[in-house]
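Here is the naming used below: chain letters follow the sequence lines, and residue numbers restart at 1 for every chain. Remember, it's a predicted structure, so these values are computed and weren't measured experimentally.
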Protein chains: 2
Amino acid sequence: MKPALIRNGEQPGESETERAARLIRCAGARATPARVRVLRLLRSAPTALSHHEIEQSLGDLALDRVTLYRVLDWLVATGLAHRNADTRRTFRFSAASSSEHSAHTHFRCDGCGRVFCLDAAPPPPPKLPEGFLLSRIELDLRGRCAQCAGSAQ
Amino acid sequence: MKPALIRNGEQPGESETERAARLIRCAGARATPARVRVLRLLRSAPTALSHHEIEQSLGDLALDRVTLYRVLDWLVATGLAHRNADTRRTFRFSAASSSEHSAHTHFRCDGCGRVFCLDAAPPPPPKLPEGFLLSRIELDLRGRCAQCAGSAQ
DNA sequence: GGGTATCTGCAACTCGGTTGCAGATACCCG
DNA sequence: CGGGTATCTGCAACCGAGTTGCAGATACCC
Ligand SMILES: [Mn+2]
Ligand SMILES: [Mn+2]
Ligand SMILES: [Zn+2]
Ligand SMILES: [Zn+2]
């Protein structure tokens with residue numbers, strides 16, 4: 001609708017869609033509807049989303065299954081998103097935020113498999129065996145989320 | 001070969017095989033060769049093992065694929081082993097040791113996917129959102145193991 | 001607007017894990 | 001020690017998440 005006259009850099013007045021498109025072009029790729037929709041969704045999600053949840057959330061705007069996988073892979077490869085396997089061994093994706101890049105705290109629900117990002121203080125880096133290279137510290141809490149703890153056992 | 005005269009409790013002179021069999025019977029199940037072999041292997045492994053690695057390690061004593069899955073599931077259900085998904089979304093299994101039951105530190109290699117158990121100090125329990133139930137704290141270090149850091153990038 | 005490298009959609013595939021069921025066997029009991 | 005039975009094993013078929021190859025579409029440079 002509204003023509004995007006902006007080219008680059010922070011734009012306080014831009015919509016979330018415009019912002020997602022700009023981030024994608026800055027990463028050196030075409031701002032296709034598929035990429036824009038997925039990145040916008042990830043950036044507004046409160047928890048890390050699975051491929052299936054993303055498909056659901058896109059509703060009638062849904063992409064082909066494979067295209068969604070490729071979009072997600074590309075977002076991860078460029079660093080615009082993170083990927084990790086949840087307790088049920090499916091990948092979950094979250095938008096990379098500038099504040100979070102080396103340490104992070106997650107709560108993983110053993111009931112529903114969801115992953116919640118918590119703003120807890122990252123633990124101090126420990127000593128590693130000789131030759132090991134550390135790139136990321138994650139504090140991983142496991143148990144049951146409020147919803148799953150409330151219902152059955 | 002040697003008849004197992006022991007019934008229960010710690011037995012300093014017993015072999016690793018006898019010890020595994022006793023642990024299984026104490027958990028209320030039959031000490032079948034399949035269970036004994038797998039538990040013995042897990043208890044002697046320095047890292048958490050994948051289903052495939054276990055199959056390989058058993059060599060000519062290998063079980064049916066499905067039986068191995070069921071043995072592993074049973075070990076996890078009784079608490080004799082732990083299961084977690086590695087960075088490549090495959091499950092890895094490790095013997096439960098008495099010293100480790102609520103907090104644990106792992107190093108996950110992004111190169112080969114292996115999981116190393118480290119004896120690092122467990123972080124202090126953080127505060128959770130209302131209604132969340134905590135069962136396990138795990139400090140999760142990610143990067144490259146000595147072997148993978150040594151070779152290609 | 002047109003040309004082209006990039007992207008999308010479809011079909012077919014791989015891989016880790018699960019389910020159902022019929023035949024084997026560890027262990028309880030005498 | 002055997003025999004009976006609940007438990008365990010092996011096979012075949014299945015499932016869902018993720019990947020690959022390729023032909024047709026399209027964002028973006030000009
Ligand atoms: Mn996160
Ligand atoms: Mn461990
Ligand atoms: Zn839950
Ligand atoms: Zn490695």
Check: Mind checking what makes side chain to side chain contact (heavy atoms under 4.5 Å, CB included) contact with B:Leu133, not counting sequence neighbours?
Finding: A:Arg144, A:Ala149
Next item on the list: Give the rounded distance in Å between these two atoms: CZ of A:Arg22 and C1' of D:dC28.
Entry: 19 Å
Notebook entry, point to check: Could you give the CZ-to-P distance, from A:Phe93 to D:dA17, as a whole number of Å?
Noted result: 12 Å
Checklist line | Closest nucleotide among C:dC27, D:dG18, C:dG16 to the B:Tyr69 side chain | finding: C:dG16
Check: Are A:Phe116 and A:Cys145 close enough that some pair of their side-chain heavy atoms sits under 4.5 Å apart?
Finding: yes
Next item on the list: Give B:His52 one of three labels, base, sugar-phosphate or nothing, depending on what nucleic acid heavy atoms sit under 4.0 Å from its own.
Entry: nothing
Next item on the list: Specify the separation, in whole Å, of atom CG of A:Asp73 and atom C1' of C:dT6.
Entry: 16 Å
Notebook entry, point to check: Got a sec? Which of residues 33-45 of chain A come in under 4.0 Å of DNA chain D, heavy atoms?
Noted result: none
Notebook entry, point to check: B:Arg43 and B:Leu23: side chain to side chain contact (heavy atoms under 4.5 Å, CB included), yes or no, with the steps?
Noted result: CA-CA 11 Å; B:Arg43 286 171 58 86; B:Leu23 285 168; 3.3 Å; yes
Notebook entry, point to check: So does A:Arg89 get a side-chain nitrogen or oxygen closer than 4.0 Å to the phosphate oxygens (OP1/OP2) of D:dG18?
Noted result: no
Check: Dot-bracket for DNA chain D: what is it, with Watson-Crick or G-U pairs under 3.5 Å, [ ] where a pair crosses earlier ones, and | for a pair to another strand?
Finding: ||||||||||||||||||||||||||||||
Next item on the list: Verify the contact: side-chain N or O of A:Thr32 to OP1 or OP2 of C:dT8, cut-off strictly under 4.0 Å; return yes or no.
Entry: yes
Notebook entry, point to check: In residues 59-67 of chain A, which ones come under 4.0 Å of DNA chain D, going by heavy atoms?
Noted result: A:Arg65, A:Val66
Checklist line | Residues forming a side chain to side chain donor-acceptor pair (under 3.5 Å) with A:Arg35, sequence neighbours excluded | finding: none
Checklist line | side chain to side chain contact (heavy atoms under 4.5 Å, CB included) partners of A:Ala77, counting only residues at least two apart | finding: none
Note to self: For B:Phe93, give me all partners under ring-ring contact (aromatic ring centres under 6.0 Å, His included), at least two apart in sequence or on another chain.
What the structure shows: none
Check: Are B:Asp110 and B:Arg142 close enough for a salt bridge, meaning some N to O gap below 4.0 Å?
Finding: yes
Next item on the list: Would you kindly compare B:Phe91 and B:Ala29 by the position of their nearest DNA chain C nucleotide and give the one closer to the 5′ end?
Entry: B:Phe91
Item checked: For A:Thr87, all residues meeting side chain to side chain donor-acceptor pair (under 3.5 Å), sequence neighbours excluded -> none
Next item on the list: Check A:Ile24 against A:Ala31 and note the closest heavy-atom contact, atom names and distance.
Entry: CG2-CA, 3.9 Å
Notebook entry, point to check: How many Å lie between CZ on B:Arg92 and P on C:dG17, as a whole number?
Noted result: 10 Å
Please tabulate, for the side chains in residues 56-67 of chain A, all donor-acceptor contacts under 3.5 angstrom to protein atoms that are two or more places apart in sequence or on a different chain.
unit_1, atom_1, unit_2, atom_2, d
A:Gln56, NE2, A:His52, NE2, 3.4
A:Ser57, OG, A:Glu53, O, 2.9
A:Asp64, OD2, A:Val66, N, 3.0
A:Asp64, OD2, A:Thr67, N, 3.3

Next item on the list: Whole angstrom is fine here: how far is it from CZ in B:Arg88 over to C1' in D:dT19?
Entry: 14 Å
Notebook entry, point to check: A:Leu72 CG to C:dC7 P: how many Å, rounded?
Noted result: 15 Å
Note to self: Between A:Glu138 and B:Arg108 (salt bridge meaning N to carboxylate O under 4.0 Å), is one present in this structure?
What the structure shows: no
Next item on the list: Measure up the B:Phe132 and A:Phe107 rings against each other and bin them: parallel (under 30°), tilted (30 to 60°), perpendicular (over 60°).
Entry: perpendicular
Anything under 3.5 Å between a protein N or O and an N or O of nucleotides 22-26 of chain D, put it in a table, one pair a line.
unit_1, atom_1, unit_2, atom_2, d
D:dT26, O2, A:Arg30, NH1, 3.3

Note to self: Between C1' on D:dT19 and CZ on A:Arg83, what's the gap in Å once rounded to a whole number?
What the structure shows: 11 Å
Item checked: By side chain to side chain contact (heavy atoms under 4.5 Å, CB included) - contacts of A:Pro46 (at least two apart) -> none
Notebook entry, point to check: In whole Å, what is the span from the CD1 atom of A:Ile24 to the P atom of C:dT6?
Noted result: 17 Å
Item checked: side chain to side chain contact (heavy atoms under 4.5 Å, CB included) against A:Ala85, all qualifying residues, sequence neighbours excluded -> A:Phe91, B:Ala85, B:Arg89
Next item on the list: Would you mind classifying the nucleic acid contact of A:Asp86 as base, sugar-phosphate or nothing, using non-hydrogen atoms under 4.0 angstrom?
Entry: nothing
